[in-house]
Amino acid sequence: MHPGPIAESLLPKHMTKNEIADVLEEIGTLMELKGENPFKVRAYQAGARTLEAIEEAELTRLIAEEQLKTVKGIGDALSQKITELHTTGKLEFFEKLKASIEPGLAEMLQIPGLGPKKIRALHDKLGVASIAALTKACHDGTVAALDGFGEKTQEKILAGIKNREAYGKRHLWWEAWEIAAPIAAGLRQLPGVSQAESAGSLRRGLETVGDLDFIVAAGDAAPVVAWFTGQPQVKEVTAAGETKASVRFESGLQADLRIVPEEQFVFALHHFTGSKDHNVQMRQRALSRGLSLSEWGLVPAEGEGTAKEKAEALKAKKQPSEKGKIRNETELFGALGLHFIPPELREGLGEIEAAEKGELPRLVELGDLRGAFHNHTTASDGRNTLAEMAAAAAALGWEYLGIADHSKSSFQANGLSEERLLKQVAEIHALNAAKKFKTHVFTGVECDILSDGRLDYDDAILAKLDYVVVSVHNAFTQDEATMTARIIRAIEHPRTTMLGHLTGRLLLRREGYRVDVVKVIDAAIAHGVVIELNASPWRLDMDWRHWRKAAERGLVCSVNPDAHETAGLDQVRAGINSARKGWLTKENVLNTLPLAAVRQRLRR
Ligand code: DGT
Ligand code: CA
Ligand code: CA
Ligand code: ZN
């Protein structure tokens, strides 16, 4: 498991300004869903924006001095609610509001592209109050006939419902990990528990997770089952046996728990880490050596009885010496003539052959990162100021932070005009000169790739920046050849440093645009352009499945948080998972370089 925030997530905590802004935003959405006064709705949305523009420390001061209501855009009522959230982490008004919404309507909010206003209209005019009823209304064509909807909207809604069904069963790695990490830590602290791990796709760092799989070593299973099923986040206990249990959390995520005796732990952990393909290959390898590998143990293949019976028989013999006993995964792989295979590589994609030859790469680690590019501030669509972002990077111990706000064509993200961009560059220079933070800030931009492949600023402007990230943010529906040529044209631009989120996919929400990834990789290598591994848990783009081959051919990766708030910087953790799944080493990743080397590289 990764190190990370553990026990504090179980305690009531005070909320940060961004978390409070999220609640205000949701209140606005729910009130709109209920058809309440639009002025009230807008007050909450505006309150969220106002809050984002205030620095965290300033908010704390305003609350302590009871001055919050004097801020323009925050009245008495809002000030009270913000204060309650800030100090207690809860808001009674919000809880009541949530409880007052018909569950079917709230569920409709999960359909991509369907907002509260439209849901309200569907409810009032067609009496639709569930996804099932909405599906039927779309098939009947009554949705298209509604004022303000039409054929196109109806099609979009149907596609959204289908997406939700297809994706609904999986969860983002990040969200799964936030639930799993404190539970694994809690299990480890239980009396009588000697080891506990999250296995499965979560441990392998897969971008989405079907369910959680906890493996625990304990002599007495009953108290472990009781603790696990009694966790406050558990919504439903779907099974509880003597050595196993299954639960479902609020988000719909399910978790399996298995408790095994100490000596079986390593075999169970390996088995339930998977993947299935990796396990099949491992079992074949064991068989070719006259051994049988399973969750129960590693036993001779010949002779009567199941693997379980043989493992138990071996155990009953109580071998007098510890010799030959397998205590951890390194020894398990070793027993089959293999170097240790990190969980992220266990996808059955050649890792066993490499482990046999001693050719596994030394994978990049979170601690190797010395900074990060592609981060936003309140200048465009970020939620923290330049100074706050720099302070957060310094707190992470980073040597540098690259700012890359949106360019002028991204008006929906408050993209920067030339004038505002130059003003930001001056601000960054002043910040660096003041040496208030240990972290050096690089000036950059996330420059739109226009629909024909030109960049969104003139060369003279781009020349004033330390680096340029180029990204596609519009005209997603171009055909593959057009999109590929468009992106390659941007890569060929002499001012381009790196390519942002190559396919534009949003995991569990929308497919990426059509693009020939291999051609884009070729162009990037040919022009010395870096491709980012966008570490946002929603993106993880370029996908890990392309990285191994691309890096072998000389492509350089930058693990970019694409942070829109200070908390987003930590998401490089998810990017590192994908980098490791892509067999990347420290040498393949730009932002593992120390400051001086990065400076030199950017000057090229
Ligand atoms: P998920 O939950 O869909 O994201 O993916 P996993 O890999 O966590 O799969 P899961 O939870 O069904 O099972 C955990 C691991 O247990 C899986 O990676 C490999 C092992 N496993 C489960 N079922 C089988 C099976 O039928 N054959 C083999 N060889 N291994 C299995
Ligand atoms: Ca699983
Ligand atoms: Ca499972
Ligand atoms: Zn972007």
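All ligand and atom numbering here is 1-based and tracks the order in the structure. Computation of the quantities below employed the complete heavy-atom set of this structure, encompassing side-chain atoms and omitting hydrogens, waters and symmetry-equivalent molecules.
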Q: Looking from the Zn ion (ligand 4), what is the angle between NE2 on His473 and OE2 on Glu446, to the nearest 10°?
A: 100°

Q: So, applying ring-ring contact (aromatic ring centres under 6.0 Å, His included) with His270, which one of Phe265, Trp296, Phe333 is it?
A: Phe333

Q: Hey, can you tell me if His374 and His501 have their rings parallel, tilted or perpendicular (30° and 60° cut-offs)?
A: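 Rings of His374 and His501: tilted, as their planes differ by 30° to 60°.
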
Q: I'd like to know if the Zn ion (ligand 4) has an N/O/S atom from His501 within less than 2.8 Å of it, counting both backbone and side-chain atoms.
A: yes

Q: Would you please classify the geometry between the His564 ring and the His406 ring as parallel, tilted or perpendicular, with 30° and 60° separating the classes?
A: tilted

Q: For Asp256, what is the atom name of its N, O or S atom nearest to the Ca ion (ligand 3)?
A: OD2

Q: Is the centre of the Trp547 ring less than 6.0 Å from the centre of the Trp544 ring?
A: no

Q: Restricting to N, O or S atoms of Asp213, which is nearest to the Ca ion (ligand 3)?
A: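 Considering only N, O and S atoms, Asp213 comes nearest to the Ca ion (ligand 3) through OD1.
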
